[in-house]
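Data first, discussion second: the structure below is written as structure tokens.
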Amino acid sequence: MRNIDKIVNDMAKARGAVVVDSVICKGCGLCVEACPTNTLQLAAEVNDKGYNYSYMAAPELCIGCANCGAVCPDSCIAVYRAKA
Amino acid sequence: MIDTVNPIIAPENLIYAKSEVLLDNIMHYCPGCSHGVVNKLIAEVIEDMGIQQTTIGIAPVGCAVFAYNYLDIDWQEASHGRAPAVATGVKRLLPDTFVFSYQGDGDLAAIGTAETIHACNRGENIVMVFVNNGIYGMTGGQMAPTTLPGMQSSTCPFGREASRDGHPLKITELLAQLPGTSYVTRQAVHTAASVRKTKKALRLAFENQKLNKGTSVIEVVATCSSGWKMTPVQANKWMEENMFAYYPLGDMKNE
Amino acid sequence: MKEIKLMKGNEAIAEAAIRCGADGYFGYPITPQSEVMETLMALKPWETTGMVVLQAESEIASINMVYGGAGCGKKVLTSSSSPGVSLMQEGLTYLAGAELPCVVVNVVRGGPGLGTIQPAQSDYFQAVKGGGHGDYKLIVLAPASVQEMADFVDLAFDLAFKYRNPAFILTDGVIGQMMEKVELAPFKPRWTNEEIEKNHPWATMGKKQRKERNVITSVELDPYKHEDLNKKLQAKYRLIQETEVRLEMIACEDADYLLVAYGASARICEKAVEVARSKGIKVGLLRPITLFPFPTLEIKRLAAQVKGILSVEMSAGQMVEDVRLAANGVVRVEHFGRLGGIIHSPSEVVEALENFFLKA
């Protein structure tokens, strides 16, 4: 329970969020490189195709800049940004 | 679990998602391939301009041979290098449609050089998208007309030597010299900023077609991490350090 | 009121293309067919019917412009002569593979290589057996007069669209260059885009309100699907073979010997039939009008009647192979023909017939 509380608390600081379609993601890592806040990482686990897909490792850091979406060759990233 | 508790992930906050012009087919391109980005940008421009119903794409032979599986528009698949001639036939007979060719370096700058130059020289009112990654990807990493001096490929395993293999062809500079072209530019898609610039360039090219301004050529200097035998991130770095010196980015012509 | 004009075969192709409502012509100059594009450019159909005429940078480009236009469901054609048609073979196999209708005219000259600008019939194999790669067929029409040059453009378009297949007019420098009177067909309006969308729903004209996008392609990497595609093509070719054979028979009813000839050779053989009959030799002529589909059954039937068949072509003997296959050993089949751009005379044909079949 305490863990979830912490995550929800951290969420409040975040201005953006990224949803990666981990089924389609090929784990190229370009979004990880393009992320200015180190929000994204490649997962230790692999998807059905054997790729270490990208995910929000540090969701509290996301600023919703959409750089990850822009460079993604497989169009598997959706980006959300909280309204000010 | 995290997603379910993230209040930001709500429809009203969505600022970037897959273009509606893209189909659900998973792209056959290798991980990190620039083609995927360029395919997507064309889809986004078509969506933004509201021209999905009136655009016809001409796919090449090479890695983008199956581009027609990704954009939900009418397509013709051309033989190797002939996309500009096919595009000419389409545009001449359907002048009210938007027509673009999508070609790689082998297609546009080697086997199809004549078709490329003459389509541009006639000022065919089309968009030519040229993805230059300096290698033949589909056939397994052979030397391309744009392979850099010293760069290794499976048909120049010890590096390209100008005395034997000739020089890398700066065909885009050549096309900019032709009076038929109105907009000729070289862009890249390795960073978010460059992706946004390339999208602007593609938008301008399609707008030019609406104004009957002649041929627009958008070269995208691209990576081929599989062919270059690097990770996608390494390939981007290598491209910045090596390709951009020979193929500098920027507009060559904008009339 | 009939419109009758004296014109060259090549001019007739151009005139007929405009009149049958063609949408586009893409070509590259080559002797002996340059009058096709010259006539079109002089007639300026873009000002009347709206037909597009464009001189391409090569035959490779012109056949691919045809591919583009054909993919849009438009009536497009090109013309060339032997070396130029060799360059078009890549485009033709793609057109056949993508099942696109179009018309291609080959005004044949002598080869191989740069050869000669004189007439020949040495591109039969290339046209009929498929000059490009893969298992495919073109519908091949062989006009023997300037009138047929004009008439076959419209016919070729009809067949091309009926079967979604390239149609080929295999003619030669004689028919292309000679002048005869032609009764011109009345003008047919070009199809509107709405008519094309309705009648040719496969055409790429922009997705419009269609649910599914249209894709013109000949690539299929799944071998099972690709086998199915090939089977579908073969079924189409069988249907064409069963349905579309066209031929002319002259004096065959009582013939003891049969000449088989197409195009200019058939014109010469018509005279040869007269010469032979004046000498008391009962000779008939079978003129294939379609080379694919080939009149196999008719030749097979006549093979049982005659004592010998002579295939007469301005080549080293190409069609003779199909004649032999049709006769299937029932009767002796020989070939006669001059090479290198030389046109055989009727008396040479009769002499050859006598030498093969009437001398001990």
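When reading the values below, keep in mind they use all heavy atoms of this one structure, side chains included, and skip hydrogens, waters and symmetry mates. Only a predicted model underlies this, so the values are computations on that prediction, with no experimental measurement involved. Throughout, protein chains are lettered first and strands after them, A, B, ... in sequence-line order, and every chain is numbered starting at 1.
A donor-acceptor contact closer than 3.5 angstrom is absent between the side chains of B:N13 and A:R15.
If you measure heavy-atom distances from B:I15 to chain A, the contacts under 4.5 Å come from both the backbone and the side chain. Contact of B:L14 with chain A is made through backbone and side chain together, with heavy-atom distances under 4.5 Å. No part of B:E44 comes within reach of chain A, as not one of its non-hydrogen atoms sits under 4.5 angstrom from that chain. With a threshold of 4.5 angstrom between heavy atoms, A:C65 approaches chain B through N, CA, C or O but not through any side-chain atom. B:A43 does not touch chain A: none of its heavy atoms, backbone or side chain, sits under 4.5 Å away.
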Is there a side chain to side chain contact (heavy atoms under 4.5 Å, CB included) between A:V71 and B:V189? Walk through the geometry before answering.
CA-CA 7 Å; A:V71 300; B:V189 290; over 6 Å; no
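Using a distance-only test at 3.5 Å, with no hydrogens or angles considered, a donor-acceptor pair links the side chain of B:K40 to the main chain of A:A70. With hydrogens and angles ignored, the 3.5 Å screen pairs a side-chain donor or acceptor of A:K26 with a backbone N or O of B:M27.
The distance from the OG atom of A:S75 to the CG atom of B:L41 is 8.5 Å, given to the nearest 0.5 Å. Distance check: A:D74 CG to B:N39 CG gives 10.0 Å after rounding to the nearest 0.5 Å. Rounding to the nearest 0.5 Å gives a distance of 7.5 Å between SG of A:C72 and OH of B:Y16. Considering CG of B:N6 and CE of A:M56, their distance stands at 5.0 Å, rounded to 0.5 Å. Rounding to the nearest 0.5 Å gives a distance of 8.5 Å between OG1 of B:T231 and CG of A:L30.
Residue-level contacts of residues 236-250 of chain B with chain A, in order of numbering, are B:N236, B:K237; threshold 4.5 Å between heavy atoms. Using a 4.5 Å heavy-atom cut-off against chain A, the contacting residues of residues 28-38 of chain B are B:H28, B:Y29, B:C30, B:P31, B:G32, B:C33, B:G36, B:V37.
Taking A:A34, A:G69, A:A17 one by one and counting their heavy-atom pairs under 4.5 Å with chain B, the maximum is reached by A:G69.
At least one side-chain heavy atom of B:I26 sits less than 4.5 Å from a side-chain heavy atom of A:K49. For the pair A:D21 and B:K18, the minimum side-chain heavy-atom distance is 4.5 Å or more.
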